[in-house]
Each structure stands twice: as structure tokens, then as C-alpha cells.
2 protein chains.
Amino acid sequence: MPTHYHGTAEERRALNTFIKLMRAADSVEARLAQRGCLDDLTPSQFGVLETLYHLGSLCQTELAHKILKSSGNMTLVIDNLEKQGLVRRERDLNDRRFITVHLTEKGRQTIEAVLPCHVKAIVEEFSVLTPEEQETLGELCKKLGKGQSPKATLVSSTPLAEQE
Amino acid sequence: MPTHYHGTAEERRALNTFIKLMRAADSVEARLAQRGCLDDLTPSQFGVLETLYHLGSLCQTELAHKILKSSGNMTLVIDNLEKQGLVRRERDLNDRRFITVHLTEKGRQTIEAVLPCHVKAIVEEFSVLTPEEQETLGELCKKLGKGQSPKATLVSSTPLAEQE
DNA sequence: ATTAAATAATTCAATATCAAACGATTGAAA
DNA sequence: TTTCAATCGTTTGATATTGAATTATTTAAT
């Protein structure tokens with residue numbers, strides 16, 4: 001029956017902050033998912049649709065970079081979106097290695113139907129913080145995220161709002 | 001060629017904070033993973049081992065609750081840990097519905113070998129923030145995470161450090 | 001005591017996710 | 001021009017993840 005972690009004050013502070021950060025991110029994400037705004041779309045699917053909607057057609061590698069997933073994963077996500085008729089693949093004629101992914105009309109309608117509800121939900125989630133607190137949180141997170149390697153998550157990494 | 005999201009100031013503030021929060025969480029998590037401290041352990045596997053190490057033997061439902069995953073998922077994660085000889089299942093004799101999961105000697109050695117490196121990595125990640133900034137970040141995240149539904153992530157949800 | 005509701009773990013189907021290996025294509029170097 | 005390196009997308013194998021259905025067991029209610 002071992003006891004809990006004990007370390008220096010510095011270690012405990014970092015660990016506590018780490019845990020709270022992760023819990024906050026997960027909590028918000030889970031509650032957003034539970035609201036059901038995203039309907040049947042998985043987070044990655046939503047991320048792709050939203051990215052295409054806001055940035056226009058992109059190739060798969062760019063898309064993977066935007067939602068910060070692997071290229072192999074992107075193949076599957078696009079596959080599933082294509083099955084649902086939400087996106088369309090188009091081989092690039094200039095450079096046949098590339099495949100451009102387009103939003104279909106149905107895809108556009110889908111993202112437009114989902115977006116307002118999702119934005120509203122996010123605003124509600126953050127309403128527990130004052131505007132100033134939100135600014136502060138944003139600043140601190142930015143510093144923390146800045147590190148060396150760029151990585152982020154699904155929905156969160158999409159250009160829903162601009163990163164400065 | 002649609003443009004980016006435009007909304008009220010309130011909406012943009014919430015969206016920006018949301019994105020920065022998610023990016024920060026993902027960045028930190030990804031960089032921690034890249035350091036390779038966790039060796040071959042997946043985040044969930046690490047979470048289970050660490051929870052057992054710090055809290056002692058638990059049944060699967062408790063374990064699932066601790067690392068905030070579904071019970072179905074827990075079955076698989078424990079399966080894989082058992083294959084590696086890191087944990088051991090034991091049917092509860094008083095209530096045969098329960099299965100207690102124990103850390104094996106090999107499991108204990110594994111988590112003890114991995115933990116110091118991981119803690120060190122977390123401290124390094126958060127060293128971009130001053131102690132005060134870490135406290136502030138922790139406070140704000142706590143408020144945000146407090147919401148109704150409890151949810152968190154793998155490693156982060158483990159009792160590495162105590163939640164107050 | 002028998003039945004009904006609740007709970008624990010498992011299973012299943014679908015999707016996600018990565019890393020690594022691979023095939024196709026392109027562009028640059030020899 | 002031929003070859004080589006780089007890049008793109010796909011495939012594969014392993015693990016994760018959820019939600020829903022299922023089985024086993026226990027507890028509570030009748």
C-alpha cells in the first residue's frame with residue numbers, strides 16, 4: 001500500500017498544474033461532446049469539415065497538419081467522410097502525388113448546421129470565467145503551448161477562431 | 001472560399017481561449033510522450049500502473065473512474081497489461097462481480113523506473129511559467145474543469161499529484 | 001423465497017490513432 | 001538521362017476508445 005507522490009515543492013507545483021490543465025481540457029471537451037451539437041460527427045471529422053469550411057479545399061497532408069494528426073489517420077478520416085458524402089477527393093493534375101479534399105454541398109450544409117450550436121456551447125463553457133480571466137488563461141496556455149514541438153487536438157486545433 | 005469565423009467579441013474571446021487551452025494541453029502531452037520516458041507504455045497503461053502504484057490495488061471500475069475511461073476500455077487495457085505481466089487480476093471472493101487488479105513485482109519495478117523521468121519532464125515543461133503563473137493557471141483550470149461532468153485524460157488524471 | 005433492479009465485467013462494431021513500411025510521383029543531381 | 005532523395009497518400013498492425021448489448025452476480029422489494 002504505497003503512498004501518494006511526494007517531491008519537492010517545485011515538483012508538486014508542476015504536477016498539480018499539469019493535472020489541472022489536463023482535467024480542464026478534458027472536462028470542457030467532454031461536456032462539449034455531451035451536448036450533442038456535433039451530432040454524429042467525430043471530433044476529427046468535425047475538425048476536417050470545419051477546416052475545409054473556413055480555409056477552403058486542402059490536400060490531405062495540409063489537413064493532417066491543421067488538425068494535428070498523422071497522415072495515415074487522415075486517410076481513414078477522409079475515407080469515412082467520403083462514405084457519408086460530406087467531402088470529395090480530387091487528384092491534383094499538376095502533381096499527381098497530391099489529393100485535394102473538397103467540401104461537398106452536403107458537407108457544407110452539415111458544418112453550417114452544426115457550427116452555431118458548437119460556438120454557443122463553447123461560450124457557455126467559458127462563461128464561468130470573467131473576460132479578464134479568459135484573457136489570462138489564454139496567455140498562460142499560449143506560453144505553455146509555445147514549446148518546441150507543435151501539437152494540438154482535433155476540434156481545438158481547427159481555425160474556428162484565429163490564433164492571434 | 002469562405003472566410004474565418006466572425007462573431008461577437010464574447011464569442012471570439014471564448015473561442016480563442018478554448019483553442020489555446022486545447023493546444024496547450026495537447027502540446028504538453030505530445031512533448032511528454034516524445035521524451036520517451038514512458039518507454040513502451042501507452043498513456044492509459046501508464047495511468048493504470050501509476051494509479052495502482054499510488055493508491056494500491058483497485059477493481060476495474062474504480063480504475064476506469066480514476067483514469068476516466070469507459071469500463072469496456074479498461075477491460076482491454078488491463079488485458080494488455082496482463083499480457084506483459086505487469087498486473088494481475090483477482091476475482092473478489094466476497095462479491096464475485098468485482099475483479100481486483102494488482103500490480104505485479106514487474107509492474108512495480110516498471111512504474112518505479114519510469115516515474116522519476118516523467119516527473120522531471122513535467123517540471124521542465126512547466127518551467128516556462130513562473131511559480132505564480134503556475135498557480136494562476138491551476139486556479140483558472142480548476143474553475144473551468146469544475147463544471148458538471150467529471151472527465152480528464154490518461155496520465156493527467158492519475159494521482160501523480162494530489163488534487164488539493 | 002422469488003422477482004426485479006442495480007452493478008461489474010465482457011464483448012462487439014465502429015472509429016480513432018500512431019509508427020513504420022510501402023508504392024507512386026516528382027524534382028534534382030550526377 | 002538515369003538515379004536518388006523527398007514527398008504524398010495508403011496500408012498494416014497494434015492499441016485505444018466509446019456506446020450498446022450481454023452475462024454474471026448481488027441486493028432490494030415484494
Side-chain angles (χ1 to χ4, degrees), chain A residues 26 29-34 36 38-49 58-84 86-87 89-101 149 151-155 157, chain B residues 26 29-34 36 38-49 57-84 86-87 89-101 149 151-157:
Chain A
D26 283 347
E29 199 166 34
R31 290 197 297 263
L32 287 175
Q34 279 179 342
L38 271 43
D39 210 30
D40 290 329
L41 295 174
T42 68
S44 283
Q45 289 174 357
F46 173 80
V48 167
L49 291 189
L58 296 172
C59 76
Q60 295 190 190
T61 298
E62 287 172 307
L63 228 26
H65 188 255
K66 291 292 179 193
I67 73 166
L68 300 154
K69 293 292 152 63
S70 68
S71 62
N73 183 27
M74 200 44 46
T75 295
L76 179 69
V77 173
I78 304 288
D79 280 351
N80 289 327
L81 284 170
E82 210 174 26
K83 275 183 210 156
Q84 299 176 60
L86 301 176
V87 302
R89 275 183 167 103
E90 189 176 37
R91 179 66 68 176
D92 188 309
L93 298 181
N94 291 61
D95 189 333
R96 299 182 48 73
R97 287 172 302 181
F98 290 74
I99 290 182
T100 306
V101 183
S149 107
K151 238 281 189 173
T153 194
L154 338 148
V155 184
S157 60
Chain B
D26 283 348
E29 198 165 35
R31 289 198 296 264
L32 287 176
Q34 280 179 343
L38 269 45
D39 210 28
D40 290 331
L41 296 174
T42 68
S44 282
Q45 290 175 354
F46 173 79
V48 168
L49 292 189
S57 302
L58 296 172
C59 76
Q60 294 190 188
T61 298
E62 288 173 307
L63 228 26
H65 189 255
K66 290 291 179 192
I67 74 165
L68 299 154
K69 293 291 151 66
S70 68
S71 61
N73 182 28
M74 201 43 48
T75 295
L76 179 69
V77 174
I78 303 288
D79 279 352
N80 288 328
L81 284 170
E82 210 173 27
K83 275 183 210 158
Q84 298 175 60
L86 301 176
V87 303
R89 275 182 169 103
E90 190 176 37
R91 179 67 68 175
D92 187 309
L93 298 180
N94 292 61
D95 189 333
R96 298 183 48 73
R97 288 173 301 181
F98 290 74
I99 290 181
T100 306
V101 183
S149 108
K151 238 284 189 172
T153 194
L154 338 149
V155 182
S156 47
S157 60

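The structure displayed is predicted, hence computed values, not measured ones. All chains are named by letter (A, B, ...) in the order of the sequence lines, taking the proteins before the strands, and each is independently numbered beginning at 1.
The CD-P distance, from Q34(B) to dA19(C), rounds to 8 Å in whole Å. Atom CG in L41(B) sits about 19 Å away from atom P in dC18(C), given to the nearest Å. The distance from atom CG of L38(A) to atom C1' of dG19(D) is 17 Å, rounded to the nearest whole Å. If you measure from atom CG of L81(B) to atom P of dA14(D), you get 17 Å, rounded to the nearest angstrom. The CG-C1' distance, from D40(B) to dC18(C), rounds to 14 Å in whole Å. Across the protein-nucleic acid pair, L63(A) atom CG and dT10(D) atom P stand 12 Å apart, rounded to whole Å. If you measure from atom CG of D92(A) to atom P of dT25(C), you get 13 Å, rounded to the nearest angstrom. Remark: P of dT26(C) and CZ of R96(A) are 7 Å apart, rounded to the nearest angstrom.
Each of Q84(B), E82(B), K83(B) was scored for a side chain to side chain donor-acceptor pair (under 3.5 Å) with N80(B), with one residue passing: K83(B).
To the nearest 0.5 Å, the span separating CG on L86(B) from CG on L81(B) amounts to 5.5 Å. To the nearest 0.5 Å, atoms OG1 (T61(B)) and NZ (K66(B)) are separated by 13.0 Å. Atoms SG and CD1, from C59(A) and I78(A) in turn, are 10.0 Å apart once rounded to the nearest 0.5 Å. Note that CG of L38(B) and CG of L49(B) are 9.5 Å apart. Values are rounded to the nearest 0.5 Å.
Heavy atoms from other residues, nucleotides or ligands lying under 6.0 Å from CZ of R89(B) number more than 12.
Within 4.0 Å of N94(B), counting heavy atoms only, lie sugar-phosphate atoms of the nucleic acid but no base atom.
At the phosphate of dA19(C), neither OP1 nor OP2 sits under 4.0 Å from any side-chain N or O atom of S70(A). Here N80(B) reaches the OP1 or OP2 of dA16(D): one of its side-chain N or O atoms lies under 4.0 Å away.
Comparing Q45(A) and D95(A) along DNA chain C, the residue whose closest nucleotide (by nearest heavy atom) sits nearer the 5' end is Q45(A).
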Please write out each protein N/O paired with an N/O of nucleotides 6-11 of chain C under 3.5 Å, distance rounded to 0.1 Å.
from, atom 1, to, atom 2, distance (Å)
dT7(C), O2, R97(B), NH1, 3.3
dA8(C), O3', R97(B), O, 3.2
dA9(C), OP1, Q60(B), N, 3.2
dA9(C), OP1, I99(B), N, 2.9
dA9(C), OP1, I99(B), O, 3.2
dA9(C), OP2, T61(B), N, 2.7
dA9(C), OP2, T61(B), OG1, 2.3
dT10(C), OP1, R89(B), NE, 3.4
dT10(C), OP2, Q60(B), OE1, 3.2
dT10(C), OP2, Q60(B), NE2, 2.7
dT10(C), OP2, T75(B), OG1, 2.9
dT10(C), OP2, R89(B), NH2, 3.4

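The heavy-atom pair separating Q45(A) from D40(A) by the smallest distance is OE1-O, 4.1 Å.
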